[in-house]
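We use all heavy atoms of the structure for the numbers below, so side chains are in, but hydrogens, waters and symmetry mates are not.
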Amino acid sequence: ARKKISSLLELMEISHMKNALFGKLSSGQKTRVILAKTLLNDPEILLLDEPTASLDPDIADKVLSTLKNIHTEKNVTILYTSHNMAEIEELCERVIFLHKGSIIHRGTPHELTRIIPDYSLYITTTNNSEDIEAFKKKFSDYTIKEPTAGHLQIQTHEKELPELLQKVMKENLHLTNIDIKKPDLEDVFIKFSRETKVGESKSYNYRLKTLTRNQSLLRHPTCPVRSLPEGVTGRRLRVDEGSLQCHQQVRPRFFACRKL
């Protein structure tokens, strides 16, 4: 057991602090101690929640390499939670995106990245501004950005990329660099995150409708109607969700609050 402890301490590069109090360690050092302790009993399944979040890049890389070796050599199942999409792409065979406890997307990294068909072709040229403007006009069917002088970013689809490359190579441009960026899990994460936020925003749009006197008082907890127009009296609020009841008794007139 001591030999195994020593090997794990060396692996995590914390042998020199084996006699230190845990409470006096830095957050990165504590993470390494916890990881060493986790691996001590040769577990069949590992549940890891952002294990490299507080580690420097060198130690984080060693931890990832260790986890990959454990997975392949000892057949250990790893459930790995992280916001670092590069780590997920490197380590995981299957990926699940969660939102408020629900699965919104799942698949292999390759399957998920193919959801985004857009590729970017980056070219660097030494041509003058007139030549570059002429190039942009000729390729006006594409979305072209020029972040800095002589550096062009051309957006296209995966299937159109070979044809675009052939067209670019035929142009009168002196190219010093060509690079292709295909979608990665970071792009997928951003896409899902934005779509989710838009969906939530839409779900909180409401339709207001005047109700007749003496209808039951119901109020959605996130209803935007918190104050009443001047002169509005004598009616109550109703929401088209019977399970959401409000026990507050209000005399002034309210409006129906209905999710769109």
[X] and [Y]: which non-hydrogen atoms are nearest, and at how many Å?
{"X": "Pro109", "Y": "Cys92", "value": "CG-O, 3.6 Å"}
{"X": "Ser6", "Y": "Ser15", "value": "O-OG, 4.3 Å"}
{"X": "Leu40", "Y": "Ile5", "value": "CD1-CG1, 3.6 Å"}
{"X": "Gly107", "Y": "Leu112", "value": "O-CD1, 3.8 Å"}

Does one hydrophobic cluster hold both [X] and [Y], with members joined at side-chain heavy-atom distances below 4.5 Å?
{"X": "Ile88", "Y": "Ile115", "answer": "yes"}
{"X": "Ile144", "Y": "Tyr122", "answer": "no"}
{"X": "Ile190", "Y": "Ile104", "answer": "no"}
{"X": "Leu64", "Y": "Leu47", "answer": "no"}
{"X": "Ile96", "Y": "Leu91", "answer": "no"}

Q: Take Asp131 and Lys136 through the salt bridge (Lys or Arg N to Asp or Glu O under 4.0 Å) test and state the conclusion after the steps.
A: CA-CA 9 Å; Asp131 292 338; Lys136 289 180 180 179; over 6 Å; no

Q: Test side chain to side chain contact (heavy atoms under 4.5 Å, CB included) on Ile34 and Thr38 and set out the steps.
A: CA-CA 6 Å; Ile34 293 171; Thr38 301; 4.1 Å; yes

For the atom pair [atom1] ([X]) and [atom2] ([Y]), what is the distance rounded to the nearest 0.5 Å?
{"X": "Ile154", "Y": "Leu152", "atom1": "CD1", "atom2": "CG", "answer": "6.0 Å"}
{"X": "His157", "Y": "Tyr142", "atom1": "NE2", "atom2": "OH", "answer": "10.0 Å"}
{"X": "Thr126", "Y": "Asn177", "atom1": "OG1", "atom2": "CG", "answer": "12.0 Å"}
{"X": "Leu98", "Y": "Thr81", "atom1": "CG", "atom2": "OG1", "answer": "8.0 Å"}
{"X": "Leu55", "Y": "Gln29", "atom1": "CG", "atom2": "CD", "answer": "10.5 Å"}
{"X": "Leu35", "Y": "Leu8", "atom1": "CG", "atom2": "CG", "answer": "10.0 Å"}

Are [X] and [Y] ion-paired here, with the side-chain N under 4.0 Å from a carboxylate O?
{"X": "Lys181", "Y": "Asp187", "value": "yes"}
{"X": "Arg114", "Y": "Glu158", "value": "yes"}
{"X": "Glu195", "Y": "Lys191", "value": "yes"}

Q: Go through the steps to decide whether Lys68 and Glu90 satisfy the test salt bridge (Lys or Arg N to Asp or Glu O under 4.0 Å), and finish with yes or no.
A: CA-CA 9 Å; Lys68 284 190 287 187; Glu90 177 183 354; 2.8 Å; yes

Could you check whether any side-chain heavy atom of [X] comes within less than 4.5 Å of a side-chain heavy atom of [Y], counting everything from C-beta outward?
{"X": "Phe139", "Y": "Leu164", "result": "yes"}
{"X": "Met12", "Y": "Val33", "result": "no"}
{"X": "Leu39", "Y": "Thr66", "result": "yes"}
{"X": "Phe135", "Y": "Asn172", "result": "no"}
{"X": "Leu79", "Y": "Leu46", "result": "no"}
{"X": "Val76", "Y": "Glu44", "result": "no"}
{"X": "Arg106", "Y": "Val95", "result": "no"}
{"X": "Glu93", "Y": "Thr108", "result": "no"}

Q: Could you walk me through whether Thr31 and Thr52 pass the side chain to side chain contact (heavy atoms under 4.5 Å, CB included) test, one step at a time?
A: CA-CA 8 Å; Thr31 299; Thr52 63; over 6 Å; no

Taking [X] for its side chain and [Y] for its backbone only, find out whether a donor-acceptor pair lies under 3.5 Å.
{"X": "Asp184", "Y": "Glu186", "answer": "yes"}
{"X": "His151", "Y": "Ala149", "answer": "yes"}
{"X": "Asn69", "Y": "Ser65", "answer": "yes"}
{"X": "Glu163", "Y": "Glu160", "answer": "no"}
{"X": "Ser193", "Y": "Phe189", "answer": "no"}

Hey, are [Y] and [X] close enough side-chain-wise for a donor-acceptor pair under 3.5 Å?
{"X": "His83", "Y": "Glu50", "answer": "yes"}
{"X": "Glu87", "Y": "Tyr80", "answer": "yes"}
{"X": "His99", "Y": "Ser102", "answer": "no"}
{"X": "Ser120", "Y": "Gln153", "answer": "yes"}
{"X": "Thr125", "Y": "His174", "answer": "no"}

Q: For Glu89 and Thr113, run side chain to side chain contact (heavy atoms under 4.5 Å, CB included): C-alpha distance rounded to whole Å, both residues' side-chain angles, the deciding distance at 0.1 Å, then the answer.
A: CA-CA 10 Å; Glu89 202 158 6; Thr113 52; 4.1 Å; yes

Q. With a 6.0 Å cut-off on ring centres, are His105 and Phe192 close enough?
A. yes

Q) Within 45° of the six-membered ring axis of Phe22 and under 6.0 Å from that ring's centre, is NZ or CZ of Lys30 located there? A) yes

Q) Between Ile180 and Leu161, does a side chain to side chain contact (heavy atoms under 4.5 Å, CB included) hold up when you go through it step by step? A) CA-CA 9 Å; Ile180 298 172; Leu161 184 60; 3.7 Å; yes

Q: Report the C-alpha separation of Glu171 and Lys167 in whole Å, then their side-chain angles, then the decisive distance to 0.1 Å, and conclude whether the salt bridge (Lys or Arg N to Asp or Glu O under 4.0 Å) test is met.
A: CA-CA 7 Å; Glu171 292 301 307; Lys167 290 180 179 179; over 6 Å; no

Q: Using the salt bridge (Lys or Arg N to Asp or Glu O under 4.0 Å) rule, take Asp42 and Lys4 through it: C-alpha gap first, then chi angles, then the decisive distance, then the call.
A: CA-CA 11 Å; Asp42 297 321; Lys4 188 169 186 180; 2.6 Å; yes

